[in-house]
Amino acid sequence: MSDVSLETIVSLCKRRGFIYQGSEIYGGLAGTWDYGPLGVALKRNIMNFWWQTFVDSREDMYGVDAAILMNQKVWQASGHAAGFNDPMVECLNCHSRLRQDHVKDNKCPVCGTAGKFSEPRQFNMMFKTNVGPVEDENSISYLRPETAQGIFTNYKNILDSFYPDIPFGIAQQGKAFRNEISPRDFVFRAREFEQMEIEYFINPEDWEKAFEQWRKDINKFLRELGLPEGSVHELEVPAADRAHYSKRTIDFEFDYPHARDELLGLAYRTDFDLANIQKATGKNMEYRPKDGGKPFVPHVIEPSFGVERAVMAVLVSAYAEDEVGGEKRSVLKLPAHLAPVKVAVSPLLKNKPELVKKAQEVYKTLKAEFGNVMYDDNGNIGKRYRRQDEIGTPHCATIDFQTLEDETITIRNRDSTQQVRAAISDLVTKLRS
RNA sequence: GCGAGUGUGGUAUAGCGGUUAUUACUCCAACCUUCCAAGUUGGAAACAGGGGUUCGAUUCCCCUCACUCGCACCA
């Protein structure tokens with residue numbers, strides 16, 4: 001587990017405008033979280049970096065953004081509609097909740113007590129809704145409980161539009177919804193959350209090779225998010241715990257404040273999903289090799305990332321408490337490319353109009369260039385540095401009296417707290433690197 | 001969902017059947033400050049929500065909501 005407490009992270013997120021409780025002013029809504037200005041910046045930076053890494057910089061990837069509402073047949077074919085609607089009973093002796101069809105001989109499989117169960121109740125993990133004005137059986141739909149199906153349902157469209165060489169992948173980022181029994185641990189388990197998923201279509205002969213490559217690519221990505229190697233653990237999921245269609249699954253676990261817990265999954269899903277669609281629709285899901293080889297239904301490797309879990313892991317990894325000049329400080333040592341604020345600009349003193357004027361000029365220049373730039377003239381200079389440290393701003397640019405003479409400013413580094421002098425004209429180039 | 005616990009400004013906290021509801025930090029304004037949370041002055045800001053008991057409830061009781069811990073759940 002991490003040595004940062006969850007309270008520390010939650011409090012920082014609230015105080016500095018990263019993440020707030022959903023519907024907080026009305027008393028909250030369990031399992032929902034709202035992102036503030038810095039949180040949404042951090043989250044987007046992570047998501048964009050993922051997209052850049054796995055889609056834009058590759059030649060074998062296709063992005064999609066499918067609708068959250070889908071034809072209910074999708075969930076019937078995938079098994080979700082059945083799996084999410086099992087009647088459950090509770091053992092009145094040991095309070096275990098059990099699927100009714102798992103109770104044999106009217107005995108509790110956990111404590112062995114016979115015949116003492118609550119009435120069966122429906123537990124729907126999917127949020128149900130009705131599409132259109134008439135509420136009947138045919139209008140039922142669900143908020144998607146995973147984004148993957150939006151990829152599988154577009155597999156054939158991608159084939160028709162692009163006919164990519166196999167192996168190729170389809171990537172998607174988007175919201176998913178699960179009516180969790182008990183949302184827990186900050187944003188870790190929420191009812192509304194965001195996923196970044198890839199379905200990588202392969203020739204079944206190559207699955208082991210592709211799986212290993214994904215393992216490597218994922219690890220590289222996690223390093224670039226700033227997660228130290230020792231904080232991520234690959235858990236080979238044993239056959240008994242895997243989904244029935246999966247031949248191999250690795251859970252990438254992270255040392256969160258609450259526990260070592262899942263950050264993302266890498267699963268070999270075989271042809272389960274495409275075969276289901278083929279069965280349900282009668283449409284041919286085969287891929288025809290361009291070299292005239294025998295058509296086949298591709299198999300799939302699925303790397304599936306939880307966005308909020310990544311945000312949390314990045315925050316936990318970046319958080320540090322150290323000392324500067326004998327004073328304690330808390331600092332987010334975020335990788336620069338993920339930081340919500342790229343650079344903060346300050347006048348050394350705010351009661352000197354000439355400094356303020358110059359600082360405003362520099363601020364406007366940088367703002368136009370980078371966008372995520374903050375102007376800060378609160379309190380004194382040391383205080384501003386600490387404020388920026390706490391939200392992970394990698395650099396602070398300070399305008400002082402020398403600036404007025406020679407057009408140079410100081411750039412102060414977040415991690416080392418060291419300062420260098422640089423010409424204003426070089427600023428943009430320097431900060432970009 | 002079950003069991004246990006918690007809920008006071010943005011954060012962290014003190015407190016009580018009748019208070020002007022404590023303190024610190026943060027925040028805002030002013031002064032000051034020539035590089036790492038300095039100082040002075042002023043200001044904003046809270047008893048989770050709803051019922052009940054009571055002359056009077058932030059305090060006691062009930063319900064709801066949220067959070068924490070354990071169990072279960074995580075297809």
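What you see is a predicted model, and the numbers here were worked out from it, not measured in a lab. Below, each value reflects all heavy atoms present in this structure, side chains not excepted, and no hydrogens, waters or symmetry copies.
- Ion pairing of A:Asp426 with A:Arg421 is absent here, as no side-chain N (NZ or NE/NH1/NH2) approaches a carboxylate O to less than 4.0 Å.
- Distances shown here put a side-chain N or O of A:Lys383 below 4.0 Å from the OP1 or OP2 atom of B:rU26.
- A cation-pi arrangement is present between A:Arg309 and A:Phe188, with the terminal nitrogen or guanidinium carbon under 6.0 Å from the aromatic centre and inside a 45° cone about the axis.
- At B:rU11, one or more side-chain N or O atoms of A:Lys14 fall inside 4.0 Å of OP1 or OP2 (strictly under the cut-off).
- Distance CZ (A:Arg414) to C1' (B:rC35): 19 Å, rounded to an integer number of Å.
- Taking the six-membered ring for Trp and the full ring otherwise, the centers of A:Phe18 and A:Tyr35 sit at least 6.0 Å from each other.
- Remark: the A:Arg184 side chain and the B:rG70 base include a donor-acceptor N/O pair separated by less than 3.5 Å.
- Across all strands shown, A:Asn413 has no heavy atoms under 4.0 Å from either base or sugar-phosphate atoms.
- A:Phe272 and A:Tyr245 have parallel rings, their planes meeting at less than 30° on a 0 to 90° scale where 60° marks the start of perpendicular.
- Summarising the geometry, the separation between CG on A:Leu355 and P on B:rC32 is reported as 14 Å, rounded to the nearest angstrom.
- For the pair A:Arg15 CZ and B:rC25 C1', the computed distance is 9 Å after rounding to whole Å.
- Under a 3.5 Å cut-off, the side chain of A:Arg414 and the backbone N or O of A:Gln388 do not form any donor-acceptor pair.
- With rounding to whole Å, A:Glu390 atom CD is found 17 Å from B:rG10 atom P.
- Scanning atom types as modelled, no donor and acceptor separated by under 3.5 angstrom connect the side chain of A:Ser11 and the base of B:rA12.
- Base contact: A:Arg412 has a heavy atom under 4.0 Å from a base atom.
- The interatomic distance linking A:Leu6 (CG) with B:rC69 (C1') rounds to 12 Å, in whole Å.
- Here the separation of B:rG15 from B:rC73, taken at their P atoms, is 41 Å to the nearest Å.
- At the heavy-atom level, A:Lys328 lies under 4.0 Å from base atoms of the strands shown.
- Summarising the geometry, the separation between CG on A:Asn380 and P on B:rC31 is reported as 16 Å, rounded to the nearest angstrom.
- No contact: A:Glu262 has no heavy atom under 4.0 Å from any strand.
- Within 3.5 Å, a donor on the side chain of A:Arg189 pairs with an acceptor on the base of B:rC74, or the reverse.
- Side-chain atoms of A:Asn351 stay outside donor-acceptor range of the base of B:rC32, with no qualifying N/O pair under 3.5 Å.
- For A:Gln402, no side-chain nitrogen or oxygen approaches OP1 or OP2 of B:rU34 to under 4.0 Å.
- We find that CZ of A:Arg242 is positioned 17 Å from P of B:rC74, with the value rounded to whole Å.
- Taking atom CG of residue A:Asp241 and atom C1' of nucleotide B:rC74, one finds them 12 Å apart after rounding to whole Å.
- Donor-acceptor pairing under 3.5 Å, judged by distance alone, is absent between the side chain of A:Arg178 and the base of B:rC74.
- A:Phe186 comes within contact range of the sugar-phosphate backbone alone, with a heavy-atom separation under 4.0 Å but no base atom that close.
- One donor-acceptor pair, N or O on each side, does fall under 3.5 Å between the base of B:rC35 and the side chain of A:Tyr385.
- Between the side chain of A:Thr410 and the base of B:rC35, at least one donor-acceptor pair of N or O atoms lies under 3.5 Å.
- Between A:Phe221 and A:Phe305, the ring-plane angle classifies as perpendicular under the 30° and 60° cut-offs.
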